[in-house]
Participant: 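Once you've had a glance at the structure underneath, I'll fire off some questions.
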Amino acid sequence: MKSKLLAVIWLLVGLAGAQQAQSQIVDDTTKVLYSPRTTLQLFENDVLEGRYLLQRIDTSINNMHNERFWYHDTAHYQHLGNVGTASKAILFRAPNKIGARLGKNVFDRYAYDPHRVNYYNTRSPYSHIFYVQGQRGEQVFEATHTRNITPGWNAGVAYQIISGNRQIGVSNLRRDGYLSSQAVKAFTHYRSENEKYDLFANFTHLNHEQIEFGGIIPGEANRFLFQQALTYLNQASTREFRSNYHLMHIYKLAGENLKLFHSFDWGRQRDIFQDDAIQRQNNGEPVFYPRVLTPLTRTDDRTAYREMENVAGVTGNNKLSFYKLTPSSVTPNSTTECLA
């Protein structure tokens, strides 16, 4: 009798344990702990202007067919007909800074903007992969990974590649590329526990190289055989390097009514144009260039620009007004040299 009673007790205990374990498993699998609701992003300018907006990441597949949304600037641009080539905005844009500017900005569209980097606040590690494949080897790829180290401190890194093959003046090579572009950004955001202090920091880099064609020679254009058409330039290329360190920190003295902020930027940019085969006519005049100062058959033009910028001030906002006092200091340094 005792043995039967013990057997029944053990059976009931086993069933209770199994039921509890089963309920825990069901409860664990039905709850979604991590989702787009726990992966949020924000921008430093919103925090500076008093809008601490944590936005959900966009998980929809939208505008992938539209080239405007392949890059970091979605405005309307005119380029040379291929992805990654030199481009300019169609609509007028006011300068975003006062003082000296280099003026070489045809590759701005493909570079990370240090002042518009999106920072994250995640409860779990977050990875994002973006890939678009176009015609003739055109590819745009970006991978991002970020995670919170502490509840108030996040860090992440992103890597971008843009590439493509030639469409005019194609050689017999299987992969005749005209573009090689790589960009990197590393970013971090810290917010104190009392929510009075915010720090944003990032590093951005761009290595962009484009083969120059100069256009199709008149008389060589053919509607159906344009790939074999002769071009003005055969050994010309443009290359641009960019690196920038950015820091922004904000401290609330009296909530949103009175805040101190300081922004620091140190960046450099190098542009190199090379043509190792300047074609000339029988009279010695160049075929493509309007004017050449030297009788040489090659050119190597280089520009180096460095800039350090400090911006400090006071800002605040309430329901009725907004103010911002920002004395700034900009120290530019530029050199240009022609080696041939």
Participant: What's the shortest heavy-atom distance between Thr146 and Phe187, and which atoms?
Facilitator: OG1-CE1, 4.0 Å
Participant: Which atoms form the tightest heavy-atom contact between His208 and Gly84, and what is the distance?
Facilitator: NE2-O, 2.8 Å
Participant: Any chance you could measure Phe288, atom CZ, to Arg280, atom CZ, to the nearest 0.5 Å?
Facilitator: 14.0 Å
Participant: Under a 3.5 Å cutoff, is there a donor and acceptor pairing between the side chains of Asn207 and Gln182?
Facilitator: no
Participant: Has Glu193 got more than 12 heavy atoms of other residues, nucleotides or ligands less than 6.0 Å from its CD?
Facilitator: no
Participant: Between Tyr120 and Tyr126, is the ring centre distance below 6.0 Å?
Facilitator: yes
Participant: Is the CD1 atom of Ile129 crowded by more than 12 outside heavy atoms at less than 6.0 Å?
Facilitator: no
Participant: Roughly how far apart are Glu142 CD and Ile161 CD1, rounded to 0.5 Å?
Facilitator: 11.0 Å
Participant: When rounded to the nearest 0.5 angstrom, what distance separates CZ in Phe241 from CG in Leu206?
Facilitator: 9.5 Å
Participant: I would like to know whether Lys185 and Asp113 meet salt bridge (charged side-chain N to carboxylate O under 4.0 Å, His left out); could you show each step before the answer?
Facilitator: CA-CA 9 Å; Lys185 70 174 178 179; Asp113 188 347; over 6 Å; no
Participant: May I have the step-by-step check of side-chain hydrogen bond (donor to acceptor under 3.5 Å, both in side chains) for Asn82 and Arg166, ending in yes or no?
Facilitator: CA-CA 9 Å; Asn82 297 99; Arg166 297 182 63 155; over 6 Å; no
Participant: When you check the side-chain N and O atoms of Asp271 and Gln269, is any donor under 3.5 Å from an acceptor?
Facilitator: yes
Participant: Lys196 versus Tyr251: any side-chain heavy-atom pair under 4.5 Å?
Facilitator: yes
Participant: Is there a side-chain hydrogen bond (donor to acceptor under 3.5 Å, both in side chains) between Gln274 and Asp276 once you walk through the steps?
Facilitator: CA-CA 6 Å; Gln274 295 175 322; Asp276 296 330; 5.9 Å; no
Participant: For Ile211 and Ser237, which heavy atoms make the closest approach, and how far apart are they?
Facilitator: CD1-CB, 4.1 Å
Participant: Can you establish whether the number of heavy atoms outside Tyr77 located under 6.0 Å from its atom OH is more than 12?
Facilitator: yes
Participant: I'd like to know if the side chain of Asn202 and the backbone of Pro114 have a donor-acceptor N/O pair within less than 3.5 Å.
Facilitator: yes
Participant: Could you tell me which non-hydrogen atom of Tyr112 sits nearest to which non-hydrogen atom of Ala183, and how far apart they are?
Facilitator: CE1-CB, 3.7 Å
Participant: Answer yes or no on whether Arg109 is positioned over the face of Tyr71, meaning its NZ or CZ is under 6.0 Å from the six-membered ring centre and within 45° of the axis.
Facilitator: no
Participant: Would you say the rings of Tyr119 and Phe200 are close, in the sense that their centroids are separated by under 6.0 Å?
Facilitator: yes
Participant: Angle class for the Phe107/Tyr110 ring planes (parallel below 30°, perpendicular above 60°, tilted otherwise)?
Facilitator: tilted
Participant: Just checking, any donor-acceptor pair under 3.5 angstrom between side chains of Asn154 and Asn148?
Facilitator: yes
Participant: Do His249 and Phe261 make the cut of ring centroids closer than 6.0 angstrom?
Facilitator: no
Participant: Can you tell me which residue pairs pass the salt bridge (charged side-chain N to carboxylate O under 4.0 Å, His left out) test with a partner in residues 144-161, sequence neighbours excluded?
Facilitator: none
Participant: Does any part of the side chain of Leu42, heavy atoms only, come nearer than 4.5 Å to the side chain of Asn118, both counted from C-beta?
Facilitator: no
Participant: Measuring from atom CG of Asp275 to atom CG of Asn234, what distance do you get when rounded to the nearest 0.5 angstrom?
Facilitator: 8.5 Å
Participant: Whether the His262 and Asn310 side chains hold a donor-acceptor pair (N or O, under 3.5 Å, no angle test) is what I'd like checked.
Facilitator: yes
Participant: With sequence neighbours excluded, what pairs up with Tyr52 under the side chain to side chain donor-acceptor pair (under 3.5 Å) test?
Facilitator: none
Participant: Is there a donor-acceptor pair closer than 3.5 Å between any side-chain N or O of Ser243 and the backbone N or O of Arg268?
Facilitator: no
Participant: If you round to the nearest 0.5 Å, how far is CD of Glu44 from CG of Leu199?
Facilitator: 10.0 Å
Participant: What are the two closest heavy atoms between Glu212 and Leu233, and how far apart are they?
Facilitator: O-CB, 3.6 Å
Participant: Show your reasoning for whether side-chain hydrogen bond (donor to acceptor under 3.5 Å, both in side chains) applies to Gln210 and Thr238.
Facilitator: CA-CA 5 Å; Gln210 171 191 324; Thr238 298; 6.0 Å; no
Participant: Can you tell me how far apart CG (Asn45) and NE2 (His115) are? Round to the nearest 0.5 Å.
Facilitator: 10.5 Å
Participant: Using a strict cut-off of less than 4.0 Å between a Lys/Arg side-chain nitrogen and an Asp/Glu carboxylate oxygen, indicate whether Arg242 and Asp108 qualify as a salt bridge.
Facilitator: yes
Participant: Considering all heavy atoms of both residues, which atom of Gly50 and which atom of Glu256 are nearest to each other, and what is their separation?
Facilitator: CA-OE1, 3.2 Å
